[in-house]
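Working notes, beginning with the structure itself.
Whatever order the structure lists ligands and atoms in, that order sets their numbers, starting from 1. Note that the numbering runs from 1 along the sequence shown for the chain.
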Amino acid sequence: NANEDLDLGVGADLELLKKVSTVPGHMLKRASHNHTVMFDISKLSNVDFTERPLPPYNKSWQRRMDADDYVRLAYHTNRWSEIKKNLLSLCSANVTYYHLEEVIMLCGSLDRDINQFDVLRHFFTQEMEPAEADHLLKNLLPRIVNLAVSLPDLIKAPIPLLKHRKVMKLSLSQQQIASLLANAFFCTFPQQGGPYSRFPSINFHSLYSSGGHQSPCGRRLEKLRCIFNYFNRITKKEPNGVVTISRRCLKQNLDWCSRVEPIPKLLHVSSIGTIEDTDGEFLEADFANKYIGGGVLGHGFVQEEIRFSICPELIVTRLVAECMDDREALHVKGFERFSNYTGYANSCQWDGDHQDARSIGLDRRRRSHLVAMDALKFSNWREQFCRNNINRELHKALVAFGDVPRNQRSAIATGNWGCGAFKGDVRLKFLIQLMACAVAGRSMAYFTFGDKTLQQRLLKMHRFLTDKEVCVGGVYSAVIAFTEHLDSSCHGGWQYNSDSAPDLFEFLRNYVLHGPTVPPPTEPSISK
Ligand code: AR6
C-alpha cells in the first residue's frame, strides 16, 4: 500500500480543534419545566454574590403521589434525628477509627460483618502513619460530618430523578453536591430497591469492603485517597460553582445508508495524551456503563471509574440517573477535577492534588463537559459485526454527540470507546464514532492511549475517506458489506475471530475503489 510509509503525524492540530466552537456553550439562565434548578437562580447574575455560595431554592417537600419521581433523602425519613445524632458524635475529641465504622454501620443499616470494612480499616490502620490517621479523624472527619448534617439546609426542594426516556436537566450547586456526597460517604441514603432498582448505587459502603476480591483491595484504597482529597479541598474552601446533569434521548432512528454528510475534515489522532487532559474545550467522552459510573464504588478502575474518582462530583449522577437505554446518553457540565493519577486498572494510583485551571462561565459553570456513552459489551469479536449492533452503536454515539445548535458544537475528545472492558473492535468503533461526528457536525480528537501504530492507521483511513470524498452513507454501506462478507465466508459453524478475520480497513478501501462486486484481495485463514 502506497500509504503505508507515509507518516501523517497527529493530523489536525489540537489547538485548531479547540477553536472549532464559535459560540460559548449554552448559558444557564432560568429553570423550566424540564430543567430543575436546586439553588436560587436569581442570585446567579448578581455580581455581589459571585464569591458566595448560592442559596438553595426553597420549595417545601410534600409527600405526593409521584414521590417515586424524586430522590429519597435520609432527612425525609424518621431515622434522620438518630442519624444526625450518630454523625455528630464523630466530632468528639477522642474519636477513633472504630467509632467511624460503627457510625457508618448504623447510618447505613449495614450487617455487622467482619469483612464489611476491611478496606477502610486497612486505610486508617495500615496505610497511614498513626499521626496522619489521627489528623484525618480529628480534623477532616468533623468537616465531612458538618457537610452531611447540613443537607436539610442546603437541599430545600425535591430533587427529581432523571428517569428513562425523559429529556430532563438538573442543576445543583457544588456545595449541594458536596453535601449529598458526604451523605453517601456515611451511607445515609435510604435502602435502594423498588423504584430504585434501575438506578446505580450511591452509598459508599461497597468501597469500604474488598467484596470478594483479594483483601485489601488496592484499587479501592486509591479511590479512597481521591475521595478524601476531594473532601479535604471542598471543606477547606467552599466551592461556589454550578453543575448541570442532563439526560438526552434520540427521537428517531436514522437511515444511515442514505446519509450524505461528508466525513469531518478535522481529525486529530495522538498516541500521547488522554481525554481528560484536553482542557475543557471539548465534549469529553466517558466510556460508560449503562449504570453511570460503572464500578466506581466497587472494583472497576478503568477509564470511567478513574474519571469519576478524580472528579468525584460526577458520582452524584448515580443518585439521580436511571440506567441508560440504547438511545440515551447523560451529559454533565461544570464539574471540577480534584486529583491526578498515574497507571491504569491494577496499577492506577492517586498522584496528588489537581488544581483545575479550566475557565468558569458567568453562570458559574466550569468549562468542562462530559458525555456518558455506554457501548455494547461483546463476549466474542464476531457479535459486533451485525447490522443491529452497528446501528445501536451508531445511535448511541449520535445521541451522545448531537442535539445542540450547530454553532455551539465543540469537537469531541474520545478514543477506544467500548474496546477495553467491553471488547469492541477499534477499527469498527473508530468508523462508528467518525460517522456519528459527521452527522452531529463535530470534529474529533482521538487518543489511542499509547498505540502509535493505531494512530497512523486511523489517520491513513481518515485521509483516504476524505480524499475520496466518501460520505457517511458510503462508509456505512461498506461496513455492512463487510459484515455480509464475514457471513458469506463462514461455513459449517466456523467463526472468525479478531486474529483470523479480514481487515476491515483494507476491505473498506477495496470497496470504495472497486465497488461492491470485487472480492477482497486477501483470503484469510479461518479458525474456530
Ligand atoms: N483517555 C483516552 N483513552 C483511554 C483512557 C483515557 N483516559 N483510559 C482508557 N482509554 P474502557 P469500555 C482507552 O475499558 O471498553 C468501565 O467499567 C484504553 O485503550 O474503560 O467502553 C465502565 O463502567 C482502554 O482500553 O471502556 C464500563 O462498565 C479503552 O480506552 C466499561 O468499563 C477503553 O476503556 C466500559 O468499557
Side-chain angles (χ1 to χ4, degrees), residues 10 14 199-201 206-207 211 213 219-220 223 226 268-280 282-311 314-315 317-318 321 323-324 326 329-330 332 337 339-349 351 354 368 370-381 383-384 389 392-393 396-397 400 411-430 432-433 436 444-455 457-458 498:
V10 291
L14 203 57
F199 284 73
S201 61
S206 45
L207 207 51
H213 290 276
R219 294 175 174 208
R220 286 175 166 91
K223 291 179 194 180
C226 292
H268 172 90
V269 187
S270 177
S271 61
I272 300 165
T274 56
I275 294 168
E276 65 276 11
D277 286 328
T278 45
D279 276 352
F282 293 84
L283 170 60
E284 299 173 29
D286 162 23
F287 304 154
N289 190 284
K290 67 178 177 177
Y291 289 88
I292 192 166
V296 64
L297 300 179
H299 191 61
F301 214 10
V302 286
Q303 196 250 6
E304 174 164 56
E305 291 92 352
I306 295 172
R307 193 71 202 266
F308 278 52
S309 300
I310 61 175
C311 309
L314 293 171
I315 298 174
T317 56
R318 294 172 65 84
C323 74
M324 289 179 270
D326 288 347
L330 290 162
V332 191
R337 174 170 169 186
S339 290
N340 289 321
Y341 74 97
T342 57
Y344 192 69
N346 279 340
S347 69
C348 188
Q349 289 187 334
D351 193 31
H354 179 92
S368 54
L370 182 103
V371 58
M373 47 195 292
D374 57 304
L376 286 174
K377 184 175 183 176
F378 298 108
S379 49
N380 78 63
W381 178 86
E383 262 177 74
Q384 62 199 300
N389 287 342
R392 189 276 183 196
E393 300 296 66
K396 176 64 71 170
I412 172 108
T414 186
N416 303 334
W417 172 50
C419 300
F422 281 3
K423 297 195 170 70
D425 181 282
V426 277
R427 290 158 298 186
L428 177 62
K429 277 294 197 299
F430 168 74
I432 284 175
Q433 294 188 83
M444 182 156 89
Y446 192 108
F447 297 94
T448 64
F449 212 56
D451 190 336
K452 284 189 178 151
T453 314
L454 182 64
Q455 173 188 334
R457 295 195 72 196
L458 300 186
S498 56

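Among all non-hydrogen protein atoms, the one lying nearest atom 27 (C) of ligand 1 is F422 CZ, 3.6 Å. Protein heavy atom nearest atom 28 (O) of ligand 1, with residue, atom name and distance: N289 ND2, 2.9 Å. Of the protein's non-hydrogen atoms, Q303 N, 3.1 Å is the one closest to atom 20 (O) of ligand 1. Protein heavy atom closest to atom 1 (N) of ligand 1, with residue, atom name and distance, is I275 N, 3.2 Å. For atom 30 (O) of ligand 1, the closest non-hydrogen atom of the protein is F287 CE1, 3.3 Å.
For the pair R318/S201, a side-chain contact is recorded, criterion being any heavy-atom separation below 4.5 Å from C-beta on.
Counting heavy-atom neighbours within 6.0 Å of K290 NZ, excluding the residue itself, gives a total of 12 or less.
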Assess whether salt bridge (Lys or Arg N to Asp or Glu O under 4.0 Å) is satisfied between D451 and R457, documenting all intermediate values. CA-CA 10 Å; D451 190 336; R457 295 195 72 196; over 6 Å; no
I would like to know whether L376 and F422 meet side-chain contact (heavy atoms from CB on, under 4.5 Å); could you show each step before the answer? CA-CA 7 Å; L376 286 174; F422 281 3; over 6 Å; no
Checking S309 against F301 for the side-chain contact (heavy atoms from CB on, under 4.5 Å) test, could you report, in this order, the C-alpha distance in whole Å, the side-chain angles of both residues, the deciding distance, and whether it holds? CA-CA 9 Å; S309 300; F301 214 10; 3.7 Å; yes
From CA spacing to verdict: side-chain contact (heavy atoms from CB on, under 4.5 Å), L207, K223: CA-CA 8 Å; L207 207 51; K223 291 179 194 180; 3.7 Å; yes
Full working for side-chain contact (heavy atoms from CB on, under 4.5 Å) between F287 and I275: CA-CA 11 Å; F287 304 154; I275 294 168; 3.6 Å; yes
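Although no hydrogens or angles enter the test, the distance criterion places no donor-acceptor pair under 3.5 Å between the side chain of E383 and the main chain of F378. Checking side-chain atoms of N416 against main-chain N and O of C419 turns up no donor-acceptor pair under 3.5 Å. Side-chain atoms of E304 never come within 3.5 Å of backbone atoms of V296 as a donor-acceptor pair (strictly under, hydrogens ignored).
Short contacts between ligand 1 and N416, defined as distances under 4.0 Å to a heavy atom of the residue, involve ligand atoms 19 (O), 29 (C), 30 (O), 33 (C). Every atom of ligand 1 is numbered from 1 in the order shown, and the set under 4.0 Å from a heavy atom of G418 is 12 (P), 15 (O), 21 (O). Residue contact check: G294 has heavy atoms under 4.0 Å from atoms 23 (O) of ligand 1. Distances below 4.0 Å separate heavy atoms of G420 from the following atoms of ligand 1: 14 (O), 15 (O), 25 (O), 33 (C). Taking every heavy atom of Y341 and a limit of under 4.0 angstrom, the matching atoms of ligand 1 come to 7 (N). Near Y344, the atoms of ligand 1 lying under 4.0 angstrom from a non-hydrogen atom of the residue are 8 (N), 9 (C), 11 (P), 20 (O), 24 (C), 34 (O).
Between atom 23 (O) of ligand 1 and the options K429, E304, R307, the minimum heavy-atom separation is to E304. The residue among E305, K290, K423 with a heavy atom at the shortest distance from atom 16 (C) of ligand 1 is E305.
Not a single heavy atom of Y291 lies less than 4.0 angstrom from ligand 1. Residue A375 places no heavy atom under 4.0 Å from ligand 1. Put simply, part of A421 is less than 4.0 Å from ligand 1, judged by heavy atoms. Contact analysis leaves G415 out of contact with ligand 1, as no non-hydrogen atom separation drops below 4.0 angstrom.
At under 3.5 Å, not a single nitrogen or oxygen of W417, backbone or side chain, sits near a nitrogen or oxygen of ligand 1. Residue-to-ligand polar distances place C419 within reach of ligand 1: an N/O pair is separated by less than 3.5 Å. Between E276 and ligand 1, an N or O atom pair is found at a separation short of 3.5 Å.
No hydrogens or angles considered: nothing links the side chains of T448 and Q455 as a donor-acceptor pair under 3.5 Å.
Considering all non-hydrogen atoms of both residues, T414 and A285 come closest at OG1-CB, 3.7 Å.
We find that E284 and R307 are joined by a salt bridge, their nearest charged nitrogen and carboxylate oxygen being less than 4.0 Å apart.
Proximity of F449 to ligand 1, defined as any heavy-atom pair under 4.0 Å, is confined to the side chain (atoms from C-beta onward).
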